[in-house]
Participant: 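Before we start, here is the structure in question, set down as structure tokens.
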Amino acid sequence: MKSIIKHDSSTPPRLRTLQRNGLARRYLFSALLIALVPLGLLAIVYDTQYVRALDKVTESRTNARLSGAENLLRTFLQERIYELEGLADIPEVFEWLTTAQPGDTPDRVMLAQLRQQLDSPHIYGVVTKPARFDQPQWYLTQTLLEGVSWRTLPVTRFAGAELLGPALPTPDRPGWIILRLSPTGFDPAPEAWIGLVIRLASLTEQIQDLTLPGLQAPLIVPPQKVLLTSVGNLKPPGPGSKKDINSRAFIEGWHIRLQWLGDPLLGPLESARFGLIFLAMGVALGVIFLSRHLSKRLDRQVTPLIEGADRVASGDFDTPLGIEGTAEIGYLSFALERMRLRLKRLVKSMVDVERRAVLGQFSAGVAHEIRNPLATIKTTIQALSRKESDPKRQKLMESVDHEIDRVNDVVQLLLDYARPREAKAQKVNVLDVVETVKILADAVAHRHGVELVQVEHSQVFAWADPSQIRQIVMNLVMNAIQALEAIGGRVVIRVRQQGLAVYISVSDNGPGVSADHLSHLTEPFFTTKTNGTGLGLAICKQLAQANQGTLRFQSVPGEGLKVTLRLPLYLNNSNPE
């Protein structure tokens, strides 16, 4: 979506369309996609692949540990079988098992061999069953037999021997198992056999290494389907867990169970997981809220600029844009406001130039059409005046001649405005120009009761056309005197130098000019006088611009008018002479 807004000059974009598809909204949704999509993918990968891989690694490690424990159990029993085989191979023992008659007692040598087995920490005692005996002979503490019938114990074959039991432990008696071996084999059923009564705890302690405190507890499940702990005690029955792990049978009917106790780290990890999820959701909501806030704020700052630019495009240069906004928007607003003001001045200047050009052509045409008939009329009037003897008619003809001179002056002003003479700049003694003007205007000022004052100043030189400067100053002084007609007053002429400019100011203490009229004083044919032409100040402005100067008007109604002419200062290194 490279361009959402497509339009031509006949279908300008609407502001709502711009706001709906604005950059802020597009950046908001892009930022959310960039932030939330990877976060969601990461959560999915974590919950599936990572957890699954971790479970596989844990399961593989658990299976390896279970296999090791199974080997330990089988090895333990195999070692006891070796001991039992060694005992059965003793001649005295073998003879006892095969030839002893009911009522016989073992001899001293055989008993000594049996007692040696009792030195093992894993053995409680020894039991023998001669072929002709109905009941086995127990050589162990008789309390171990309380509540136990060896004929009811489950029988499990293992490595050529048989495992009887276990005799489950009680509060008054530990548990044990019998590992028996027949010197003639177990097929068919043995008539004679010898067995070792093994501590049940010695067998169960082989799974001690599987213990993971707080996480897993190893148990042995015998053929009675009870649970034996690693210290040989019975574990009370209870509901199992789906996470309990049963091993393969290390001997028939016997297997190991890893009972799940719970993970002490699981709770904090789950809490941390949910905390991270809530944190991510909170961050996402925060990003949405912040982005929405920024979007609205950006809209509030950009919308006035769009509306202002639209007004400027439609030709309204007078309404300010309203500079608001921060950082880049503030700089953009300031730049657009400067552009509006410059466009306003440029358009005004172009209109003024065009109007002056039209007025110049019109004035030149009118002056040309008027001047020739005026010359003929003036010549005729002067000829008739010389032959006229009637004093009244002579006076009337003189008045007509005077009015022709006035009209000719106006025609000359029109020609000056239409075709201003090119300025010939040279070194001008400004004080000489001002003094000359003062001398010429003193008589007029005196006649109107106006005091004409020149403020003293040291010599200063400007780079301009002296005759045009004299014309400008004379016009300004005469305007000031005319403003004081019938009321009297004071006209002050000042000269000063500042920087690379020379300033000539003419000020009066007359009625002044209102602010509405002040900006129109240099427009052609604009005048506040009853008998003025409105061309004097317009020509002054032309002449000032021709000499690289400017005119500035300052007035306070009721306090007078001050006009300042600014001219370039004469410099030795810039003087072509």
Side-chain angles (χ1 to χ4, degrees), residues 5 7-15 18 301-325 328-366 413-423 468 472 475-476 501 513-528 532-555 557 561-568:
I5 304 169
H7 65 90
D8 52 30
S9 57
S10 61
T11 58
R14 292 179 301 179
L15 186 58
L18 292 173
Q301 295 180 359
V302 171
T303 299
L305 295 181
I306 297 175
E307 294 173 346
D310 189 53
R311 288 196 301 272
V312 172
S314 60
D316 182 5
F317 300 103
D318 297 325
T319 305
L321 294 178
I323 300 177
E324 292 182 356
E328 290 83 357
I329 300 299
Y331 287 116
L332 177 61
S333 304
F334 183 73
L336 287 176
E337 182 65 13
R338 289 182 60 192
M339 181 187 72
R340 181 188 69 82
L341 295 175
R342 289 190 176 185
L343 282 174
K344 180 180 179 181
R345 287 195 294 269
L346 179 61
V347 171
K348 183 179 180 182
S349 175
M350 292 178 65
V351 171
D352 186 57
V353 169
E354 186 176 355
R355 183 173 60 181
R356 287 170 56 188
V358 172
L359 288 175
Q361 293 177 355
F362 174 76
S363 300
V366 171
L413 289 176
L414 289 174
L415 291 175
D416 291 342
Y417 180 77
R419 291 192 293 269
R421 184 172 58 84
E422 183 180 357
Q468 292 183 351
I472 296 172
N475 193 290
L476 297 180
V513 179
S514 65
D516 294 336
H517 291 168
L518 199 63
S519 59
H520 300 288
L521 289 180
T522 58
E523 293 181 359
F525 305 111
F526 178 84
T527 180
T528 58
T533 61
L535 289 174
L537 290 178
I539 294 174
C540 288
K541 182 180 179 182
Q542 273 189 340
L543 297 178
Q545 292 176 345
N547 288 275
Q548 307 300 318
T550 58
L551 279 178
R552 183 184 181 190
F553 297 85
Q554 297 171 282
S555 176
L561 173 68
K562 179 179 180 181
V563 186
T564 303
L565 171 63
R566 177 186 178 278
L567 295 171

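Atom set for the values below is all heavy atoms of this structure, side chains included, hydrogens, waters and symmetry mates excluded. Treat the numbers as computed from the prediction; the structure is a model and nothing was measured.
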Participant: State, with a plain yes or no, whether a side-chain heavy atom of Leu336 is found less than 4.5 Å away from one of Met339.
Facilitator: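 Touching, per the 4.5 Å side-chain cut-off.
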Participant: Measure across Thr319 and Arg340 and return the closest heavy-atom pair with its distance rounded to 0.1 Å.
Facilitator: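 Shortest heavy-atom contact: O-CD, 3.4 Å.
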Participant: Nearest 0.5 Å please: distance from the NZ atom of Lys541 over to the CG atom of Leu551.
Facilitator: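 If we round to the nearest 0.5 Å, Lys541:NZ and Leu551:CG are 8.5 Å apart.
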Participant: Where is the tightest heavy-atom contact between Pro557 and Ser514, given as atom of each residue plus distance?
Facilitator: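 Residues Pro557 and Ser514, closest heavy atoms: CG-CA, 4.2 Å.
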Participant: Rounded to the nearest 0.5 Å, how far does OG of Ser349 lie from NZ of Lys344?
Facilitator: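 Between Lys344 NZ and Ser349 OG, I get 14.0 Å after rounding to 0.5 Å.
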Participant: The criterion is side chain to side chain contact (heavy atoms under 4.5 Å, CB included); which residues satisfy it with Arg566, sequence neighbours excluded?
Facilitator: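 Result, side chain to side chain contact (heavy atoms under 4.5 Å, CB included) vs Arg566: Ala501, Tyr503, Thr550.
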Participant: Which atom names give the shortest non-hydrogen contact between Leu518 and Val513, and what distance separates them?
Facilitator: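 That would be N-CG1, 3.9 Å.
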Participant: So, applying side chain to side chain contact (heavy atoms under 4.5 Å, CB included) with Leu476, which one of Leu537, Leu561, Thr564 is it?
Facilitator: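 Option passing the side chain to side chain contact (heavy atoms under 4.5 Å, CB included) with Leu476: Leu537.
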Participant: Please walk me through it: do Met350 and Val347 pass side chain to side chain contact (heavy atoms under 4.5 Å, CB included)?
Facilitator: CA-CA 5 Å; Met350 292 178 65; Val347 171; 5.6 Å; no
Participant: Looking only at non-hydrogen atoms, find the nearest pair between Pro320 and Arg311 and report the distance.
Facilitator: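 Closest heavy-atom pair between Pro320 and Arg311: O-NH2, 3.3 Å.
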Participant: Kindly determine whether Lys348 and Arg345 satisfy side chain to side chain contact (heavy atoms under 4.5 Å, CB included), including the steps that lead there.
Facilitator: CA-CA 5 Å; Lys348 183 179 180 182; Arg345 287 195 294 269; 5.7 Å; no
Participant: Side chains of Val312 and Leu343, heavy atoms from C-beta outward: is any pair under 4.5 Å?
Facilitator: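 Result yes, sub-4.5 Å side-chain heavy-atom pair found.
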Participant: To check you understand the geometry: which heavy-atom pair defines the closest contact between Asn547 and Pro568, and what is its length?
Facilitator: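 Here Asn547 and Pro568 meet closest at O-CD, 3.4 Å.
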Participant: From Ile472 CD1 over to Leu565 CG, what is the distance, rounded to the nearest 0.5 angstrom?
Facilitator: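 If we round to the nearest 0.5 Å, Ile472:CD1 and Leu565:CG are 5.0 Å apart.
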